Amino acid sequence: MKLLVTGGAGFIGSNFIHYLMKQRPGWKIVNFDALTYAGNPANLTAADDNPDYRFVKGDISNVDEVEQVFASGFDYAVNFAAESHVDRSLYDPGLFFKTNVVGTQILLEQAKKSGVRRFLHVSTDEVYGSLGSDGYFSEESPLAPSSPYAASKASADLICGAYHKTYGFPVIVTRAGNNYGPYQFPEKLIPFFVTKAIRDESLPLYGDGLNVRDWLYVEDHCDGLLTVLEGGTDGGFYNIGGGNEMTNIEITNRILEILGKPKSLITPVKDRPGHDRRYALDCSKIKMELGWEPRTDFADGLVRTAKWYLANEKWWRDILDGAYLEFYEKHYREEDNNRERL
Ligand code: NAD
Ligand code: DAU
């Protein structure tokens with residue numbers, strides 16, 4: 001089996017490559033990634049020695065580069081490549097539409113031309129917008145994205161649907177909840193707070209800290225993706241959730257407890273604009289159709305994740321010294337100084 005992974009140098013993509021090497025040894029994997037600030041070759045040092053793995057640097061929004069990579073022919077393509085951070089989308093929405101919308105269409109077009117047997121597009125529960133305290137999003141829920149990031153992902157989902165309806169192209173879309181685990185860039189809530197707490201820095205909790213997310217351990221997500229890739233129905237949409245609804249304040253308290261740090265590190269700050277209140281996924285479709293369920297208990301997954309960051313300090317300190325700080329200095333430092341303390 002020959003597989004193209006796009007965005008495989010990021011958090012979920014690199015975990016997926018590691019997962020495939022364990023679960024499907026012998027599969028030929030090409031990782032096509034632009035190596036933006038979020039793409040880190042250090043996530044894949046273990047894969048570099050594998051003769052079945054090859055890295056190709058390239059941009060999904062560049063037609064020539066995408067055409068060239070598809071020229072070698074693939075059975076499957078799995079698209080992780082995206083701008084993925086909601087906060088960044090507030091400052092630079094254009095980049096999100098270029099990568100996440102235009103880039104996805106270019107991939108679909110070239111995949112179609114080259115005769116890929118199945119294309120899996122990795123999307124998010126954020127396309128559904130925000131829930132109140134009750135209810136769940138099913139695959140039939142209307143799209144109601146709030147942030148530029150979510151709107152770009154919703155747009156890409158619609159393009160995938162159109163390629164299936166119009167051209168009969170074999171594409172499947174998955175929509176997952178918030179992932180956590182090893183190799184997550186330390187700008188997202190859990191690695192951001194873990195790496196800050198290790199350094200005894202304050203943890204900027206947005207608003208009242210009561211926003212709820214449905215947390216999914218990254219290896220469970222990878223398992224769900226492989227299940228859908230091999231057994232899903234073309235043209236289908238599948239929710240992949242962890243079944244772990246948790247408020248941000250609850251997660252923050254747990255992180256502090258695991259690391260033995262004081263609650264005084266928590267600093268409530270002004271809310272994120274357009275901040276969705278709650279995400280929760282109805283995952284009965286993937287369970288009934290494909291028998292898939294998440295395996296990781298949130299308490300265990302969080303301890304495992306915190307331990308990984310404790311054991312891999314060089315990995316995240318290298319990031320903080322370079323890629324992350326550049327953006328932080330430009331957009332957040334001044335804002336942090338001006339932020340009203342609640
Ligand atoms: P990430 O930001 O960690 O990684 C994104 C990767 O895409 C990086 O390696 C980056 O270099 C690459 N990339 C960005 N622009 C590119 C371009 N133009 N061409 C080629 N490569 C490019 O993201 P992640 O958290 O691993 O998310 C992966 C996918 O899963 C995204 O599509 C995201 O929307 C989706 N998703 C993420 C989560 C989550 O909780 N992190 C949840 C659900 C869905
Ligand atoms: O739901 C899936 C989505 O989860 C993915 O599609 C996105 O790629 C991924 O980034 C994530 O989006 P969120 O906006 O939910 O994740 P983030 O880690 O940025 O924030 C999680 C929650 O924590 C959210 O309610 C905002 C809050 N938060 C976040 C940060 C970074 C804080 O309170 N303080 C912070 O400093």
Side-chain angles (χ1 to χ4, degrees), residues 5-16 31-41 43-44 56-62 65-66 69 78-89 95-96 98-100 102-104 106-107 121-128 130 137 145-147 149-150 152-153 156 174-181 183-193 196 202-216 218 221 225 239-242 246-249 251-252 266-269 271-272 274-281 323 332 336:
V5 173
T6 58
F11 164 48
I12 306 173
S14 60
N15 275 282
F16 186 67
N31 174 14
F32 180 82
D33 195 300
L35 295 183
T36 67
Y37 80 94
N40 188 349
N43 297 359
L44 288 157
V56 176
K57 188 169 187 297
D59 182 342
I60 61 165
S61 62
N62 181 313
E65 289 176 3
V66 173
V69 76
V78 183
N79 179 30
F80 295 93
E83 288 295 331
S84 70
H85 192 40
V86 173
D87 286 327
R88 286 176 186 255
S89 81
L95 177 62
F96 282 67
K98 179 171 181 257
T99 300
N100 300 359
V102 176
T104 301
I106 288 172
L107 284 174
H121 177 72
V122 180
S123 188
T124 169
D125 60 3
E126 298 209 10
V127 299
Y128 299 121
S130 188
F137 292 124
S146 303
S147 68
Y149 163 70
S152 71
K153 295 295 291 186
T174 53
R175 293 174 175 149
N178 284 58
N179 282 222
Y180 67 106
Y183 300 111
Q184 187 167 29
F185 196 87
E187 64 185 352
K188 309 279 165 58
L189 179 76
I190 290 179
F192 189 44
F193 280 13
K196 272 186 162 291
S202 65
L203 313 182
L205 189 65
Y206 297 160
D208 61 7
L210 295 177
N211 300 66
V212 172
R213 298 291 183 265
D214 172 3
W215 293 91
L216 173 66
V218 65
H221 187 192
L225 292 171
N239 287 344
I240 306 183
M246 200 73 59
T247 61
N248 295 335
I249 183 70
I251 290 179
T252 310
I266 300 173
T267 310
V269 297
D271 210 351
R272 170 193 276 177
H275 195 179
D276 287 332
R277 192 64 171 168
R278 173 172 168 257
Y279 303 140
L281 286 171
Y332 289 159
D336 271 0

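Quick caveat, the model's predicted, so the values are computed rather than measured. Start at 1 and go down the list; that is how both ligands and their atoms are numbered.
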Point to revise | salt_bridge(Asp125, Arg278) N-O dist < 4.0 Å | key: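 Salt bridge absent between Asp125 and Arg278.
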
**Study point:** Between Glu83 and Tyr149, a side-chain donor and acceptor under 3.5 Å
**Key:**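 Short answer, no.
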
Between [X] and [Y] (side chain of the first, backbone of the second, donor and acceptor by atom type, cut-off under 3.5 Å), is there such a pair?
X      : Y      : value
Asn179 : Gly177 : yes
Asn178 : Trp215 : no
Asn211 : Asp276 : yes

Check your understanding: What residues form a side chain to side chain contact (heavy atoms under 4.5 Å, CB included) with Asn31, not counting sequence neighbours?
Key ->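 Here the qualifying residues are Ala9, Ile17, Asp33, Leu44, Tyr53, Phe55.
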
Practice item. Identify, chain by chain and in numerical order, each protein residue with a heavy atom under 4.0 Å from an atom of ligand 1. Key: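 Those residues closer than 4.0 Å to ligand 1 by some heavy atom are Gly7, Ala9, Gly10, Phe11, Ile12, Asp33, Ala34, Leu35, Thr36, Ala38, Gly39, Gly58, Asp59, Ile60, Phe80, Ala81, Ala82, Ser84, Thr99, Val122, Ser123, Thr124, Tyr149, Lys153, Ala176, Gly177, Asn178, Asn179.
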
Check your understanding: Which pair of heavy atoms, one from Thr104 and one from Ile60, lies closest together, and at what distance?
Key ->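 For Thr104 versus Ile60, the nearest heavy atoms are N-CD1, 4.2 Å.
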
List ligand 2's nitrogen or oxygen atoms that come under 3.5 Å of a protein nitrogen or oxygen, with the partner atom and distance.
| residue | atom | partner | partner atom | Å |
| --- | --- | --- | --- | --- |
| ligand 2 | 1 (O) | Asp125 | OD1 | 2.5 |
| ligand 2 | 1 (O) | Asn178 | OD1 | 2.6 |
| ligand 2 | 4 (O) | Asn178 | OD1 | 3.3 |
| ligand 2 | 4 (O) | Asn178 | ND2 | 3.1 |
| ligand 2 | 6 (O) | Thr124 | OG1 | 2.7 |
| ligand 2 | 6 (O) | Tyr149 | OH | 2.6 |
| ligand 2 | 8 (O) | Ser84 | O | 2.7 |
| ligand 2 | 8 (O) | Tyr149 | OH | 3.1 |
| ligand 2 | 10 (O) | Ser84 | O | 3.2 |
| ligand 2 | 12 (O) | Glu126 | OE2 | 2.7 |
| ligand 2 | 14 (O) | Arg272 | NH1 | 2.6 |
| ligand 2 | 14 (O) | Arg272 | NH2 | 3.4 |
| ligand 2 | 15 (O) | Asn178 | ND2 | 2.9 |
| ligand 2 | 15 (O) | Arg213 | NE | 2.8 |
| ligand 2 | 16 (O) | Asn178 | ND2 | 3.4 |
| ligand 2 | 18 (O) | Leu189 | N | 2.7 |
| ligand 2 | 19 (O) | Arg272 | NH2 | 2.8 |
| ligand 2 | 23 (O) | Asn248 | ND2 | 3.4 |
| ligand 2 | 25 (O) | Arg213 | NH2 | 3.3 |
| ligand 2 | 25 (O) | Asn248 | ND2 | 2.9 |
| ligand 2 | 25 (O) | His275 | NE2 | 2.6 |
| ligand 2 | 33 (O) | Tyr206 | N | 2.8 |
| ligand 2 | 34 (N) | Pro204 | O | 2.8 |
| ligand 2 | 36 (O) | Pro204 | O | 3.4 |

Practice item. Report yes or no: is the cationic atom of Arg175 (NZ for Lys, CZ for Arg) closer than 6.0 Å to the six-membered ring centre of Phe137, at no more than 45° off its axis? Key: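 No, Arg175 does not lie over the aromatic ring of Phe137.
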
Exercise for review: Just jot down the salt bridge (charged side-chain N to carboxylate O under 4.0 Å, His left out) partners of Arg213, sequence neighbours excluded, or say none.
Suggested key: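 So Arg213 forms no salt bridge (charged side-chain N to carboxylate O under 4.0 Å, His left out) with any residue.
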
